[in-house]
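Both ligands and their constituent atoms are indexed starting at 1 by order of listing.
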Amino acid sequence: MNDAIFNDAMSEIMEIRAQYISERSVFIDGARMVRLLKALGAKDTDLEKIKLVSNDLPKDPTLPFRESKNGRFCFDSDASRAYRLEFQPFALSAEEDFVRHDSGKTRVFEEIGDDLQLNSALQALLVFKSLIFRGVRTAHRPKLDYDNPAWICTLFNLRTISTPELQGEPALEGVHSDGVDHTMTTFLGSENMTADSAVTFLHDMREKNATRWNETDPELLLGQCRHRHFLDTLIVVDHERKHSLSPVSAVDERRPATRDMLIFFTRKPVLPGHISHPYDSLEPHERLPMAIGLPAPAEERVLVGAGAPAVGGMAQ
Ligand code: FE
């Protein structure tokens, strides 16, 4: 990898990180993401392939208008690497600001395979996310183990589908949080979707859970954005900002409209008494192994000087 390109990208990612720290959310344009991910190792062929990875998703376990897969990864900061974690069922509760018909229910998603986890663009997205959130102080959630050096990232690959019979809702639950510390959402593509579909709204934590996106208090609205270009990405401090989304609508209402996303939930491992405690293993996945190195953020590398991991050379 070209050191100068890598170092410039690291500096730019640190600027995005600084914006994330001061504003508690940041939206990065897809064209900028493509450039940064390429500097982090994403190959052109994989950037093309990841656009199509949502084409064969299975049905979602609880939502009729969605297709989905998920997979768990560990950001192991001490070892400066990320690796695939073994399968576990998934649950989100009302206690975590997630109020929906399936709140508190244990859900079993089909697993993300090598087509996604070995894609260099996906791996660069994991590196990018780790560079943004690592070392960022946030409001702590109850029953998470903030002394544990590990971070658990649950990655969802989702397609929301609207048909003449059924409207696709990227957030049927209305105003909510994802029960994590840092949520990153990345747009892969859409078909036949109107230009005002799937707007993301960010709300003050005082906004009432389960309120529909169009019935929220304007005084508590903190921002809005819309994923429209390949790799448009939003990162939010999940326990400091709630969010809601408008539905997916079709341009040609006789045909389905689709919206493909990658959602990266990242949180500390949970403590006993948390709904996810039985499903929070840190064991690697035996059948679908994957591991990648994580470069340290540039400012950390400057701070620790010569002892820093030699990834792409030192930032100046
Ligand atoms: Fe969400």
For Glu12, I'd like to know if atom CD has over 12 heavy atoms of other residues, nucleotides or ligands within 6.0 Å. yes
With a 4.5 Å heavy-atom cut-off, do Asp178 and Val236 have their side chains touching? no
Should we say atom NZ of Lys51 is surrounded by more than 12 heavy atoms from elsewhere, each under 6.0 Å from it? yes
Report yes or no: do His203 and His243 form a side-chain donor-acceptor pair below 3.5 Å? no
Only protein N/O/S atoms count here: give how many lie under 2.8 Å from the Fe ion (ligand 1). 3
Check: Phe264 ring centre within less than 6.0 Å of His182 ring centre: no
Please identify which of these residues, Tyr146, Phe133, Phe75, Phe73, meets the ring pair (Phe, Tyr, Trp, His ring centres under 6.0 Å) condition with Trp151. Phe133
